[in-house]
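The block underneath contains the structure these notes are about, expressed in structure tokens.
Naming: A, B, ... by sequence-line order, numbering from 1 per chain.
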Amino acid sequence: MSSYLIKNAHIVNEGRIFNGDLLIKNQRIERIAGMIDNTMHATEIDASGKYLLPGVIDDQVHFREPGLTHKAEIYTEAKAAVAGGTTSFMEMPNTKPTTTTQERLEAKYGVGAQTSLANYSFFMGGANDNYDEVMKTDLSKVCGLKIFMGSSTGNMLVDDEKALIDYFCNFEGLIATHCEDEQTVRENERKAKEQFGDLVPFFMHPIIRDEEVCYLSSSKAVELAKKCDARLHILHLTTAKELDLFTNKIPLAEKRITSEVCVHHLWYDSADYYIFGSRIKCNPAIKEKSNRLALMEALLDDRLDIIATDHAPHTLDEKRNSYFKAPAGVPLVQHSLNMMLDFHQQGLISMEKVVEKMSHAPAICFKVKERGFIREGYFADLVLVDMEQKNYVSKGTIHYKCNWSPLEGHIFRNTVTHTFVSGHLAYANGVFNEEKKGERLLFDRN
Amino acid sequence: MSLLSQKHLLGIQDITTQDIQLIFETAKQFKEVINRPIKKVPSLRDITIANLFFENSTRTRISFELAEKRLSADVINFSAASSSTKKGETLIDTVNNILAMKVDMIVMRHPNPGAHQLLAKHIDAQIVNAGDGTHEHPTQALLDAFSMQEKLGDLRGKKVLICGDIKHSRVALSNIFCLQKLGAKVRVCGPPTLIPKFIENLGVEVSYDIKESLQWCDVANVLRIQLERQDIKYIPSLREYSMAFGLNKQLLDSLKKEIVIMHPGPMNRGVEIDSDVADSKHAIILQQVENGVAIRMAVLYLLAGKKE
């Protein structure tokens with residue numbers, strides 16, 4: 001295993017930015033100091049003017065394997081993640097077949113071990129009828145349980161009230177939920193059909209899946225979690241109304257109910273459906289501008305804990321369908337850090353906060369073992385970012401299997417130049433080194 | 001496939017209340033877009049629009065052209081001065097010649113009322129009426145009502161006064177149709193010579209008393225005296241018109257309430273409206289212009305109705 005010495009970087013970690021050197025040895029961060037002499041003949045990387053961040057931990061991605069590999073594979077999407085500075089991901093269970101048994105879950109870990117350039121963890125999927133399987137989950141090796149309280153892509157809706165209560169009251173690990181009220185969605189779809197027939201335009205998406213749809217479901221999840229004292233994590237919040245369900249009065253580590261926001265809900269607003277149409281059709285829908293501003297505010301005041309992507313690739317052919325046939329989901333994992341740093345460059349958020357929400361907070365929230373921070377002894381999951389180098393998003397630079405992004409044509413003024421995954425320099429200036437794969441995430445849970 | 005109930009936008013009379021609300025919702029979103037640093041969006045890429053102006057226009061033409069360009073449509077302009085209609089070609093032939101070059105949409109202003117209806121019967125492309133004689137000017141009515149709604153909220157039960165040269169105004173007629181569809185009460189006010197006979201049959205109130213009418217209304221939409229259409233003398237003199245029907249600060253101060261002042265432009269300052277009224281905080285004249293681009297983007301977008 002090679003050693004690396006990163007020289008003269010602006011190190012961003014735990015609320016501070018300081019200049020220094022960092023030595024990587026045996027997968028881990030050996031030393032952090034103002035100046036380190038290269039006595040061990042480690043490979044030196046001159047990081048003058050660049051920023052060194054802990055690698056991003058993305059707690060919500062869909063990599064489509066097994067069964068939907070025409071859209072994406074763990075191999076391709078993990079590479080894209082690494083190119084964008086995401087060193088660890090947690091993947092969702094709505095694959096084909098769904099990840100609802102321990103056997104299928106472990107099979108996924110097997111694929112991850114063989115193909116994923118990034119560190120990986122896979123969610124167990126909760127359905128109406130697999131309670132016993134779910135309860136066998138090893139909490140020190142699996143990130144959590146995913147429950148769809150509102151169906152998205154794939155058929156995993158938990159609509160049986162009793163099953164829901166069983167999970168909330170008995171599952172000891174983290175329960176991540178997708179919250180949208182299915183009945184209200186159906187009703188709104190019917191109304192839209194009345195007006196437009198089968199060719200409902202895409203700008204109706206945030207009207208069909210509106211604020212009420214989200215609030216009905218997320219408030220119910222919170223109520224249930226409080227009753228059962230469940231460890232609830234609500235994914236991809238999109239509305240101002242839901243934000244008061246969350247507190248910023250206690251530290252993240254003590255919260256029993258945590259929240260996540262996705263980059264596209266901070267980036268786009270409902271007007272963009274007129275521009276991008278089906279390309280940004282996603283569930284929950286992207287809402288009006290006032291919601292976008294409220295989400296950013298809640299992120300800054302810690303009512304929202306984590307930033308993720310909900311990376312959900314589909315092929316462009318699938319996307320080029322009419323409203324009811326076009327699948328929901330947007331591929332984003334390669335650009336989440338770029339997008340958040342773009343917000344930083346617009347003066348909307350500090351770089352320390354970006355790092356807190358993308359690396360530290362997921363690590364705390366999921367109790368990830370020895371990752372998410374730049375600390376001596378921790379795994380060397382690190383990203384070097386050049387905040388001046390331009391980064392033009394085009395098909396040539398997109399690594400997703402589906403090979404498109406709604407961001408095509410956008411020019412970022414920040415670029416990920418190097419990514420270390422567990423001490424292995426997996427990506428440097430556009431070139432991958434795939435000799436060593438990522439590792440399975442472990443969790444500090446008693 | 002148009003997302004409105006009609007293939008064309010010929011007049012407000014033809015479209016439904018639901019159409020109007022859809023246009024407003026869309027315009028609201030496009031207004032948001034044109035206030036971004038990057039205003040141009042690819043929504044109408046590959047759509048070609050011809051702007052045919054058989055009558056002079058500055059702001060409407062610019063507003064349409066900007067709307068088209070912000071949506072990334074390809075735009076060609078055509079004005080009567082340089083046209084072959086001067087050489088004796090019929091309207092339908094002129095337009096068909098342009099369509100043969102694969103144009104998807106026509107935005108047309110024409111001095112003859114009903115020219116658009118005639119055209120709609122004979123050609124395939126979609127038509128947007130940018131004013132036909134003294135008949136209709138639908139996008140102006142939409143942007144006026146949209147601006148009112150922005151200022152006042154739901155227009156149901158709101159009282160709107162249209163004052164000035166009603167007889168020669170296509171804005172007035174479209175405004176009346178649009179406001180009534182949105183549930184507002186409409187009154188027209190002006191000298192009897194400039195108010196068409198039987199206009200009350202449209203369900204509007206008629207008044208010749210400007211002060212009482214201003215006291216009654218929530219919004220006053222002040223129309224221009226159309227000097228170019230005064231072929232016979234409808235009013236004794238501009239000075240006299242201004243004294244009897246012009247809006248000035250003194251008149252507005254004498255009201256017991258604040259009203260919103262609108263003007264579709266171009267203004268004749270000192271005739272139908274005084275500078276201290278036009279430039280006051282009650283006037284939303286420049287907001288109307290801004291909304292004009294958003295409304296026209298919405299109309300073009302919804303008529304084009306791209307599926308993806």
K28(B) versus chain A, heavy atoms under 4.5 Å apart: side chain, backbone, both or neither?
side chain
Using a 4.5 Å cut-off on heavy atoms from C-beta on, say whether the side chain of D272(A) contacts that of R36(B).
yes
Flag side-chain contact, heavy atom, 4.5 Å: Y274(A) against L71(B)
no
Evaluate whether atom [atom1] of [X] has more than 12 neighbouring non-hydrogen atoms of other residues, nucleotides or ligands under 6.0 angstrom away.
X       : atom1 : result
Q346(A) : CD    : yes
K257(B) : NZ    : yes
K96(A)  : NZ    : no
K158(B) : NZ    : yes
K395(A) : NZ    : yes
D154(B) : CG    : yes

Distance in Å, I38(B) CD1 paired with H410(A) NE2, rounded so as to fall on 0.5 Å steps
7.0 Å
So how far is it from M204(A) CE to L3(B) CG, rounded to the nearest 0.5 Å?
10.0 Å
Counting heavy-atom pairs under 4.5 angstrom with chain A, the leader among V33(B), L22(B), T26(B) is T26(B)
Show the nearest heavy-atom pair for residues A271(A) and Q29(B), with the distance to one decimal.
N-OE1, 3.0 Å
Considering all heavy atoms, the nearest P42(B)-I275(A) contact
CD-CG2, 3.2 Å
